[in-house]
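See structure below.
Note on naming: letters A, B, ... go to the chains in the order of the sequence lines (proteins, then strands), and numbering restarts at 1 for each one. Keep in mind it's a predicted model, so treat the numbers as computed, not measured.
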Amino acid sequence: MRHILRHWSSVLQRRPFFVLPLSPHRSLCRHASTTKPLRPIMSGPSEPMAVVAPSFSSDPASLAAHAPQVLSNGVNGRQEDSSSDEEMPLSQHTPKKINGANGKRIANPSSSNSSEDDRPLTKKPRVSTGLARKRIVESDSEQESSAGPSSPPAPPVKSATKPPSRSNGAIKPKSKARSPSDSELSSEDERPLAKKGSKAPKRSASPVKKPAAKPRKSYKESSGSEDEKPLAKTVATKGRKSNGSASARVKKEEESEDDAPLAKGKKRASAGADSSTARKDVKKKVKEESGKVKKEVKEEDDEEMYKWWEQGENDGSVKWTTLVHNGVLFPPPYVPLPKDVKMKYDGQSITLPPESEEVAGFFGAMLETDHVLDPVFKKNFFNDFKDMLKEFPPKENIRITSLEKCDFRPMYEHFEREREKKKAMTREEKKAIKEAKDKLEEPYLYALVDGRKEKLGNFRAEPPALFRGRGEHPKKGTLKKRLRPEDIILNIGKDVPIPKPNIPGNWKGVQHDNTVTWLAHWKENVNNQAKYVFLAASSSWKGQSDRSKFEKARELIKHVDKIRKDYTEDLKSKVMADRQRATALYFIDRLALRAGNEKGDDEAETYGCCSLLFEHVTLSPPNTIIFDFLGKDSMRFHQEVDVDIQVFKNIKIFKAEPKKKGDDIFDRLTTSGLNAYLNTQMKGLTAKVFRTYNASWTFQQQLKTTPKNGTVQEKIAAYNTANREVAILCNHQKTVSKNFEQSFAKMGDKVRALKYQRMKLRYQLFTLEPKMKKKRADLAESESDMDDEFMERHEEELREKAVEAAKKKFEKENTKLVAEKEKAQPKSVLDERLKEIKAEFKELAKERKTKKVEPKKGATVEKLEEQIQKMEARIAAARVQMEDRDKTKDVALGTSKINYIDPRLTVAWARKYDVPLEKLFSKTLREKFPWAEAEADADWVF
DNA sequence: AGCGTTACTTAGTATTATTACC
DNA sequence: GGTAATAATACTAAGTAACGCT
């Protein structure tokens, strides 16, 4: 539930603000600086508008026909190749950052006032960068030294600081606002609807317009259709029969398999007949092979990979027939601190039993983090600590009642020392430790699924810790307790040995449900949420579901035009529920918003589309909407977008009296209602599919700008640019690294050093041939950022380096001479050299003033011009790199690469442009997407 | 219908490994 | 060869959406 009162505004301040233009036509984009044309989907490297359509066929022509993002108007900016975009200078697209830093995750709402910035945040403030959509950052201090062609600062968004709350003293019930029923609307549009859920008068009375009449299935109903669950159950595992052949197995596993009557495994499979046959086959094969396999066991690896993607469709709810694994690995028991390490209370050292000492240590280890400054964190921690102390009090018979009197510093210092010690260990020691650890983990690394060896993801029981919720989580700081076997339920093959926990105790339960993919499961005590042990991302289970996710997104291509047409019409529906649904869908499609399920009271207050509140959306006539809210992980979504005028009008209605701050915008909409509707448009369609679809589609369009004849590096840069556009679309952010500023400045100096060299070359050229000043007027201008101060400093640095080098060289020479039994050079030789250096730099200083540089020996006009040209190229390259670095500093590319971009796009692109795949996918990603490599050739299209 | 539960995907950050740099 | 910068991986929180009970 959400509270009516929340301090939203205050909370919002720190995220970067993107301006995202929604309008389809470029021409609409009048405020280039602040608002852009709508195109979440595609902004080109040159941003905007290249709205291109998704296509279901590989035919390029048809590609053009489906515009993902396109709006209602028929003509939208879709273009097959965004020629127009390309014409745009990059700089224009570069986001302008309005201002400097903002923290990424909103820290503390309560503190939210203007001075927020001063507070220590958990994270460093991030500097916004602009991307395709420009992000406007709340203004704070710094003026970003952004490299790129600087864009003019965008005008501050008015709502940026604080979302306007327009409610005036309307009489509101304390709970959610309700809106008048449709029938009360004077004109259909003018009033807000009633609250979703019960209280509002249902729209029954209202005249139903055509779309409304559409029977919408509830999701339950729809589930009856083949797709949903039933289907899965009916179908048996087709593709599975061949698996048994899989390969070498580990001996232990084999034995267990042999012992286990596999045939029994089946119980609940409603799949009955089929699956049991399949199962028998498996068993048979296993038996047949077991003999020879055993012999091969030693070499263990190299089993050939199970190519599930070559096995035909796999549907179903039966996920396995045999499943063998070793359960979870518990962390080692707590080791008490040395006797001399004690926390203090009120100045006095106290001795804690291990149980409470461990908890104290969790907090002690965080002493240098911002958590210890957080009131909620402290309160939750201290409550749990006190509870622990009740049972395990200090030996001194002291009652601990105040956190402020606790001094954990001695513990902290101990941990620091331990860390140092560890760091100081020799390579061998470290290796030995690692080996011991690997050995311990070895049995847990793999499971045997239908006879195949499959890697596990997380096989470790989560160690105890203080819960670190993200954003303003009410439970942060709470003790997450140590797990025991009694907390854990295993899911494992029916007639297979039950593993023994690596610490004393017995499993809470053991089940044999072959319709699910988890191997172990427990309830975590902080939020009472389930945690699971699953197979790794590289496993066939994950691979199959990943692939079907992308296939579903590709299927959407076929339906999206119709869906867009429908929701565009429904934007004007007389039925408010439909109108809200259409409006929400518009946002989900164009802005890649998440669905926005309802959340509980004891969670951080974050939002998605369906749960947006009054204060999250601000209207700015004529058709601009400003979003400002915290999404998943409390990441701020702050964008300004030009929208279809009807959308603008709708939001105005949805926000009209009597709604006020704290009320839902879409009071008649729920995620399940929305998804039920989507399911009628396309089987299996849900809100999240739009994110996948738009991300992959955008990526595909963006890749079209790859330079065919560029270097590999240039091509990769184009790839990364495309990746970045997708990340921006999805609002994937990361904290700006704490050294960013420093390393960025360093890069800037490098560029200037290059410019300095170029300057010297220019002066030589002009000194050699004064006429060139006219002829090459382009070279006559001086470097804009090459001031005396820099040059002086730079020359000084060069000089110091030269001196160092000379000294080293001298020593080296002498060492060598001595080694060869010859006489070392006298120090005077060195002095002489140093003198020369000194003279040289003196000359440089003089040149700096006179701007005349004596040409080097053998210099000619041609040679100098060539050198200058080379230097320019180096400068340009360095600048591009800098710009890129700046633009990417707070954008996380990995998330979209892992979850949203169809890997076949990458594979196809790599093949088409002849770029080694390993430059694009890390080892784990390649292991995750073997199916993509198998099926995508250079011409593959999404 | 409403709401808690279950299963699984998506997400940012902390930690560790690798590479770049001196 | 040691250290700093960067990339990869590990970790676990936080979403989505279906399920299932009343």
Thr924(A): side chain to side chain donor-acceptor pair (under 3.5 Å) partners, not counting sequence neighbours: Ser922(A)
Nucleotide dT9(B), atom C1' - distance to CD1 of Ile901(A) in whole Å: 16 Å
Whole angstroms only, please: what is the CG-C1' distance between Asn899(A) and dT10(B)? 5 Å
Which residue, Ala461(A) or Leu925(A), contacts DNA chain C at a nucleotide closer to its 5' end, judged by nearest heavy atom? Leu925(A)
First encountered from the 5' end of DNA chain B, between Ser896(A) and His521(A): His521(A)
Assign Ala530(A) to base, sugar-phosphate, or nothing according to its heavy-atom contacts below 4.0 angstrom with the strands shown. nothing
By the 4.0 Å heavy-atom rule, please label His473(A) as base, sugar-phosphate, or nothing. sugar-phosphate
Remember a base hit wins even if backbone is also touched, and classify Lys475(A) as base, sugar-phosphate or nothing at under 4.0 Å, heavy atoms. nothing
Across the strands shown, which category fits Lys808(A) at heavy-atom distances under 4.0 angstrom: base, sugar-phosphate, nothing? nothing
Taking 4.0 Å as the cut-off, does a side-chain nitrogen or oxygen of Lys523(A) come that near to OP1 or OP2 on dT6(B)? yes
Considering the options Phe627(A), Phe629(A), Phe690(A), which one meets the ring-ring contact (aromatic ring centres under 6.0 Å, His included) requirement together with Phe587(A)? Phe627(A)
With sequence neighbours left out, write down each residue that passes side chain to side chain contact (heavy atoms under 4.5 Å, CB included) with Val689(A), or none if nothing qualifies. Lys552(A), Ala553(A), Leu556(A), Leu685(A), Thr686(A)
Looking only at side-chain atoms of Ala595(A), point me to the closest of dT13(B), dA17(C), dC8(B). dA17(C)
dT16(C) phosphate, OP1 or OP2, under 4.0 Å from Asn597(A) side-chain N/O: yes
For Phe929(A), enumerate each residue passing the ring-ring contact (aromatic ring centres under 6.0 Å, His included) test, keeping only those at least two apart in sequence or located in another chain. Phe921(A)
Working to the nearest 0.5 angstrom, can you tell me the gap between Glu435(A) CD and Leu440(A) CG? 13.5 Å
CH2 of Trp320(A) to OG1 of Thr517(A): how many Å apart, nearest 0.5 Å? 11.0 Å
Just to confirm, is there a sub-4.0 Å distance from OP1 or OP2 of dA17(C) to any side-chain nitrogen or oxygen of Thr671(A)? no
Please state whether the phosphate of dG15(C), meaning OP1 or OP2, lies under 4.0 angstrom from any side-chain nitrogen or oxygen of Thr606(A). yes
At under 4.0 Å between heavy atoms, what does Lys688(A) touch on the DNA or RNA strands: base, sugar-phosphate, or nothing? sugar-phosphate
Just checking Ala687(A): base, sugar-phosphate only, or nothing, at a heavy-atom cut-off of under 4.0 Å? sugar-phosphate
5′-ward residue of the pair Leu685(A)/Lys531(A) relative to DNA chain C: Lys531(A)
Taking N or O atoms only and anything under 3.5 Å, show me the protein contacts with nucleotides 16-19 of chain B, one pair per line.
none

Rounded to whole Å, please give me the gap between CD in Gln544(A) and P in dT9(B). 11 Å
Output all residues satisfying side chain to side chain donor-acceptor pair (under 3.5 Å) with Asp384(A), sequence neighbours left out; order by chain, then residue number. none
Letter by letter from the 5' end, nucleotides 1-8 of chain C scores (B base, S sugar-phosphate only, - none; protein heavy atoms under 4.0 Å) -----S-S
Below the 4.0 Å mark, does dA18(C) have OP1 or OP2 next to a side-chain nitrogen or oxygen of Ser672(A)? no
Enter the distance from Trp308(A):CH2 to Ser539(A):OG here, rounded to the nearest 0.5 Å. 9.5 Å
Under 3.5 Å, which donor-acceptor pairs do the side chains of residues 458-467 of chain A form with other protein atoms, sequence neighbours left out?
{"residue": "Asn458(A)", "atom": "OD1", "partner": "Phe534(A)", "partner atom": "N", "Å": "3.4"}
{"residue": "Asn458(A)", "atom": "ND2", "partner": "Tyr532(A)", "partner atom": "O", "Å": "2.9"}
{"residue": "Arg460(A)", "atom": "NH1", "partner": "Glu441(A)", "partner atom": "OE2", "Å": "2.8"}
{"residue": "Arg460(A)", "atom": "NH2", "partner": "Glu441(A)", "partner atom": "OE2", "Å": "3.0"}
{"residue": "Glu462(A)", "atom": "OE1", "partner": "Lys480(A)", "partner atom": "NZ", "Å": "2.9"}
{"residue": "Glu462(A)", "atom": "OE1", "partner": "Lys531(A)", "partner atom": "NZ", "Å": "3.3"}
{"residue": "Glu462(A)", "atom": "OE2", "partner": "Lys531(A)", "partner atom": "NZ", "Å": "3.3"}

Whether Arg594(A) contacts dA11(B) is assessed here as follows: a side-chain N or O lying under 4.0 Å from the phosphate OP1 or OP2. Is that the case? yes
Can you tell me how far P of dA14(C) sits from CZ of Arg470(A), to the nearest Å? 6 Å
Reckon Lys549(A) has a side-chain N or O less than 4.0 Å from the OP1 or OP2 of dT10(B)? yes
Let me know the distance between CG of Asn525(A) and C1' of dA13(C), rounded to the nearest Å. 14 Å
Rounded to the Å, how far apart are Tyr532(A) OH and dC8(B) C1'? 8 Å
Contact class for Phe467(A) vs. all strands (heavy atom < 4.0 Å): base, sugar-phosphate, or nothing? sugar-phosphate
dG12(B) phosphate, OP1 or OP2, under 4.0 Å from Thr735(A) side-chain N/O: no
Side chain of Lys632(A): nearest nucleotide among dT10(B), dT12(C), dT16(C)? dT10(B)
Within the 4.0 Å heavy-atom criterion, would you say Gly457(A) contacts the bases, only the backbone, or no part of the nucleic acid? nothing
Report which part of the nucleic acid Gly894(A) touches: base, sugar-phosphate, or nothing (heavy-atom distance under 4.0 Å, all strands). nothing
Short side-chain N/O contact to dT13(B) OP1/OP2 from Arg468(A), under 4.0 Å: no
Residues in side chain to side chain donor-acceptor pair (under 3.5 Å) contact with Asp487(A), at least two apart in sequence or another chain: Arg484(A)
OP1 or OP2 of dT15(B) sitting under 4.0 Å from any side-chain N/O of Arg419(A)? no
Counting neighbours of CD on Glu368(A) that are heavy atoms of other residues, nucleotides or ligands and sit closer than 6.0 Å, is the number greater than 12? yes
Let me know, please, whether Tyr900(A) or Thr517(A) comes out on the 5' side of the other along DNA chain B by nearest nucleotide. Thr517(A)
Find the distance Lys476(A):NZ to dT13(B):P and express it as a whole number of Å. 14 Å
What is the nucleic acid contact for Ser545(A), judged by heavy atoms within less than 4.0 Å: base, sugar-phosphate only, or nothing? sugar-phosphate
Inter-residue atom distance Ile488(A).CD1 - Lys523(A).NZ, 0.5 Å rounding: 13.5 Å
Please report, rounded to the nearest Å, how far the P atom of dT13(B) is from the CE atom of Met366(A). 15 Å
Sequence neighbours excluded, which residues qualify as side chain to side chain donor-acceptor pair (under 3.5 Å) partners of His325(A)? none
Could you please name the option among dA11(B), dT12(C), dT13(B) that lies closest to any side-chain atom of Asn458(A)? dT12(C)
